[in-house]
Structures are given as C-alpha cells and as structure tokens.
Amino acid sequence: MSQNIFALVDCNNFYASCEKLFRPDLANTPIVVLSNNDGCVVARSKEAKKLGVKMGVPLFQVRELMQKHGILAFSSNYALYADMSQRVMSILEGLAPRVEVYSIDEAFLDLTGVSHCKGLTEFGLSVRQTIQKCTGITVCVGIAPTKTLSKLANHAAKTWHKTGGVVDLTSKDRQRKLLALLPVNEVWGIGSKLTKRLQQFGIDTALQLADADPKYIRQHFSVLVERTVRELNGESCIALEEMAPTKKQIISSRAFGERITDKQQMREAISEYISRACKKLRGEQQQAKHLTVFLRTSPFSEKDAPYSASKSVELDRPSSDTRIFLAKAMQLLDSLWVTGYRYAKAGVMLADFYDPGVYQPGLFDDPIVQRESDQELMQLMDKLNTKNANTIWFASQGAKQNWSMKRELLSPAYTTNWSQLPKVK
DNA sequence: TCTGGGGTCCTAGGACCC
DNA sequence: TCTGGGGTCCTAGGACCC
C-alpha cells in the first residue's frame with residue numbers, strides 16, 4: 001500500500017496581506033483587520049503581532065496600543081479576500097493532482113506519488129514561489145502523512161523562519177521531535193476545553209497525546225480525540241475531500257451596528273437575513289423545509305437584562321421562495337419579540353435540505369404545483385442582485401437600515417469593482 | 001418484599017474549526 | 001460606549017416502542 005502524503009498550504013496573515021497588496025506604502029506598517037461591525041481583531045500583520053495585538057480582542061481594548069504604535073485598522077473586505085482566495089486556489093489546482101479547499105486561506109493537497117518526480121521540500125518551495133509571484137501572497141507549506149500532522153508541519157513552517165516556509169514531516173523522527181516541542185492545544189481538533197481536560201490526565205504536549213492509548217482516549221474523551229491520536233501517529237483517518245459536500249444548513253445573522261429596540265427595525269433586519277439566506281439556498285440549487293429565527297441581547301452587557309430566544313417552524317414542503325420564508329419568519333418574530341430589551345443580534349437558519357423536485361408529499365397533502373413564474377421571479381432577483389448588490393429588495397427589508405453593521409474603515413474593492421481599481425500614478 | 005431491558009429516533013447543547 | 005459569522009459533528013438524554 002502506498003503511503004499517503006498531504007500538504008497543507010496556508011496563506012500568511014491572509015486578510016492583512018490582502019489589504020497590503022494594493023497599499024505598497026504600508027509594506028512595513030503594522031495593520032489589523034476587524035470583524036463585522038468593526039468589533040474585534042480577526043487578522044494581524046506580522047508587525048502588529050510583534051507589537052502584542054492578540055487575535056480576537058475587542059477593538060476598544062487595544063485602541064491605546066494601536067494609537068501608541070501607529071497600528072492601522074481596516075474593516076473586513078470580504079469581496080477582496082474571496083477574490084484573492086480564488087486566485088490562490090486556482091493556482092494550487094494547477095500545481096497538484098488533487099486539492100481540497102479547506103477554508104478561505106488554506107487548502108490540503110494530495111501529494112501521494114509526487115515524491116516520485118520531485119523532492120517534497122522542493123515541491124513545497126515551488127508552490128510557495130509560484131503563489132508569491134502570481135498573487136503577491138506568501139504561503140507556508142506543511143507536508144506529512146496525515147492531515148493532522150500536515151497542520152502541525154505548517155505551524156512549524158510559520159513559526160521557524162529558517163525552514164524557508166516549508167516543512168517536510170514525513171520522517172517519524174522529525175514528527176516526534178516536533179510533537180515534543182508543541183503544547184497539546186496546537187493540535188488540530190484540540191480546543192481550549194479539551195486541553196484543560198487532557199491536562200488533568202497528565203497530557204500537556206502533542207507527543208504525550210500521540211503516545212496515549214487510543215482505546216483509553218476513546219473511553220475518556222470521544223471518537224474524535226481517538227482519531228486525532230491515530231492521525232498523530234501517522235495513521236491517516238481523515239481523507240482528502242475534493243468535492244465540497246452539500247451544505248446542511250445556511251445561517252444568516254449579524255450583530256447590529258446599534259442596538260435595536262423597535263420592532264419595525266427588527267422586522268427589517270430579519271427580512272434582510274431571510275433574503276440573503278434564501279439567495280444562498282438558491283445558489284446551492286437546494287430547497288429547505290426548516291426555518292429557525294433567533295434574537296438576543298448582548299451577552300457581554302452587565303446592565304442590560306439578558307434575553308435570548310429562538311423558534312423554528314417546518315414548512316409544508318421544501319421551498320426556496322423568499323416570500324414564503326419571509327411570511328413564516330414574521331410569524332416567528334411575532335412570538336419571539338418582547339418589547340423592552342435592547343437587542344444586539346439576530347439571525348435566521350435554514351435547514352433540512354432537499355434537491356428540487358425530490359420531496360415526496362404526504363398522501364393528504366396538496367399536490368405540489370411548481371409555478372414557473374415564481375421560480376423566474378426569484379431567478380431574476382438573484383441575477384439583478386448578483387450583478388449589483390441591492391438592486392431590488394422586498395419592502396420589508398427597509399430602505400434605510402440604520403441597524404446595519406458598521407464598516408467605517410473599509411478599503412476599496414480593488415479587484416472586483418471596475419470603479420475601484422487601484423490607480424498607478 | 002420484589003417493579004425489565006433494549007432498541008430507535010429526535011433534539012438541544014457542547015465542542016471544535018477558520 | 002464598544003466583544004464576528006458561518007459552519008460541522010458528536011453526545012447525552014428524553015420520548016416512545018415492544
């Protein structure tokens with residue numbers, strides 16, 4: 001049996017790097033990228049990391065530090081990041097036989113067989129150079145016999161600069177050396193809760209986890225942790241998935257730019273989320289039967305009374321028609337809404353998906369009539385709104401939307417909008 | 001006095017990821 | 001004053017059945 005070989009390619013400081021691509025004047029400036037609503041820090045350039053800005057901190061907590069060191073902030077510009085991501089991924093698809101796009105800034109490659117033609121480190125370096133040259137984005141490459149180990153190899157490539165950004169972890173010796181150096185929480189799949197529990201069992205390093213008995217781990221933790229133990233020992237349990245599996249749920253939710261206390265505004269917000277979620281659903285060529293609406297106050301506020309509630313409904317039959325979900329969502333909202341709270345966030349979730357035309361109605365249900373005009377209307381809406389966002393919308397979404405999110409520090413859509421292309425003077 | 005056991009299905013909640 | 005959004009999977013426990 002031939003040995004599996006995976007590579008994990010991960011873009012360095014991806015969002016921050018994207019922001020810098022079109023701002024050469026900021027080459028050595030520390031910058032951070034903020035979450036929606038400019039709430040907290042979700043990406044940092046290497047200069048900002050060095051100055052001690054932590055991942056995930058609320059912006060207001062680091063304002064002083066940022067001012068002191070001249071750290072610049074950007075609102076997240078997903079149009080830009082998604083476009084740059086696609087460029088990186090399509091290059092990778094030309095370089096490796098099989099590619100799994102794992103997230104916006106990382107991909108697993110299947111390198112089984114590649115070592116017959118080329119050294120693995122050499123291959124990794126060429127990936128790095130090609131991406132750098134074609135997109136300006138720097139990536140690190142970790143190579144190993146399992147996905148979990150390739151994640152750790154990538155971590156090593158990022159952490160130690162003398163690796164040149166590529167680490168080949170196919171040798172057992174090197175695996176054990178690296179595992180001994182890393183705390184257990186660096187392992188893919190081991191989060192903060194598991195780290196604490198593992199420590200109670202005397203497991204502090206990745207190597208100690210690798211050396212634990214899988215059956216014992218299964219007993220005291222879960223199959224997932226057992227799988228991780230096996231992966232750390234070079235036994236590949238998590239396969240490469242080239243085809244993205246079909247989604248099982250679609251969520252659209254946002255924290256509000258300002259707290260909502262008025263029901264009409266909440267109706268607008270929920271309407272907006274419904275129409276986004278349904279557009280996404282149609283984009284997936286799916287229909288949904290289950291709808292959930294939820295709303296809540298801020299969990300961080302000490303002086304606001306807490307309130308959090310959600311309610312769901314099953315449709316008679318699957319649909320992707322925005323109007324049907326809008327009507328149901330407004331009914332759910334009526335039963336969830338309590339006047340007097342300062343709402344901080346709300347959202348909707350679609351689930352229980354069917355391929356169009358597959359649903360089997362019950363014996364006493366009305367027969368399904370697919371009106372072509374309904375589908376055409378939705379298609380037309382999507383077409384108009386894809387070309388130019390918010391060309392048309394439902395009246396219930398509201399025109400002013402003063403609850404919508406804050407993005408005060410947004411950079412231009414350099415690569416996806418003709419009028420915002422960078423100019424060379 | 002003594003009060004079964006095993007199976008399925010569903011849901012809520014928890015944990016993880018980026 | 002100000003704390004993201006969108007996912008997946010597993011487990012425990014309750015309801016229900018025979």
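No hydrogens, no waters, no symmetry mates; every other heavy atom, side chains included, goes into these values. Just so you know, these numbers come straight off a predicted model, no measurement behind them. Residue numbering restarts at 1 for every chain, and letters A, B, ... go by the order of the sequence lines.
A:R218 comes within contact range of the sugar-phosphate backbone alone, with a heavy-atom separation under 4.0 Å but no base atom that close. If you check every strand for non-hydrogen atoms under 4.0 Å, A:Q249 touches a base. A:L34 comes within 4.0 angstrom of nothing in the nucleic acid, heavy atoms only. No contact: A:I104 has no heavy atom under 4.0 Å from any strand. Among the heavy atoms of the strands, none lies under 4.0 Å from A:S298. Across all strands, A:D105 comes closer than 4.0 Å only to sugar-phosphate atoms, never to a base (heavy-atom distances). Using a 4.0 Å heavy-atom distance criterion, A:V187 is classed as a sugar-phosphate-only contact. Residue A:V223 is in sugar-phosphate contact alone, with no base atom involved, counting any heavy-atom pair closer than 4.0 Å across all strands shown. Within the nucleic acid shown, A:K303 has no heavy atom closer than 4.0 Å to any nucleic acid atom. When heavy atoms are screened at a 4.0 angstrom cut-off, A:L59 is found touching no nucleic acid atom at all. If you check every strand for non-hydrogen atoms under 4.0 Å, A:S192 touches sugar and phosphate atoms only.
Side-chain atoms of A:D83 and A:T415 form a donor-acceptor pair, as typed in the model, at a separation below 3.5 Å. Side-chain contact check for A:S75 and A:D38: at least one donor-acceptor pair (N or O, by modelled atom type) lies under 3.5 Å. Side chains of A:D304 and A:T297: no donor on one and acceptor on the other come within 3.5 Å.
Stems are defined here as 3 or more consecutive Watson-Crick or G-U wobble pairs with pairing distances under 3.5 Å; those involving DNA chain C are B:5-18 with C:5-18.
The phosphate of C:dG5 (OP1 or OP2) has a side-chain N or O of A:K345 nearer than 4.0 angstrom. Look at A:R259 and you'll find a side-chain N or O under 4.0 angstrom from OP1 or OP2 of C:dC2. Taking only side-chain nitrogens and oxygens, A:S253 comes nearer than 4.0 Å to OP1 or OP2 of C:dG6. One finds no side-chain N or O of A:K151 lying less than 4.0 angstrom from the OP1 or OP2 phosphate oxygen of B:dC17. OP1 or OP2 of B:dG13 has not a single side-chain nitrogen or oxygen of A:K193 nearer than 4.0 Å. Residue A:R254 places at least one side-chain N or O under 4.0 Å from the OP1 or OP2 atom of C:dG6. One finds no side-chain N or O of A:K248 lying less than 4.0 angstrom from the OP1 or OP2 phosphate oxygen of C:dT8.
Taking the side chain of A:S222 as heavy atoms from C-beta on, and the options C:dC10, C:dG4, C:dT3, the nearest nucleotide is C:dC10. Nearest nucleotide to the side chain of A:E106, out of C:dT8, B:dC18, C:dT3: B:dC18. Nearest nucleotide to the side chain of A:S103, out of C:dG5, B:dC18, C:dT3: B:dC18. Here the nucleotide nearest the side chain of A:L194, chosen from B:dC18, C:dG7, B:dC16, is B:dC16.
The ring of A:Y15 has its center closer than 6.0 angstrom to the ring center of A:Y78.
What separates CD1 of A:I190 from P of C:dC9 is a distance of 18 Å, to the nearest Å. Here C:dT3 presents its P atom at 8 Å from CG of A:N37, a figure rounded to the nearest Å. Regarding A:R197, its CZ atom lies at a distance of 8 Å from the P atom of B:dA15, rounded to whole Å.
A:K147 pairs with exactly one of A:E241, A:E100, A:E231 by the salt bridge (Lys or Arg N to Asp or Glu O under 4.0 Å) rule, that one being A:E100.
Using cut-offs of 30° and 60° on the angle between ring planes, the pair A:F201 and A:Y216 is perpendicular.
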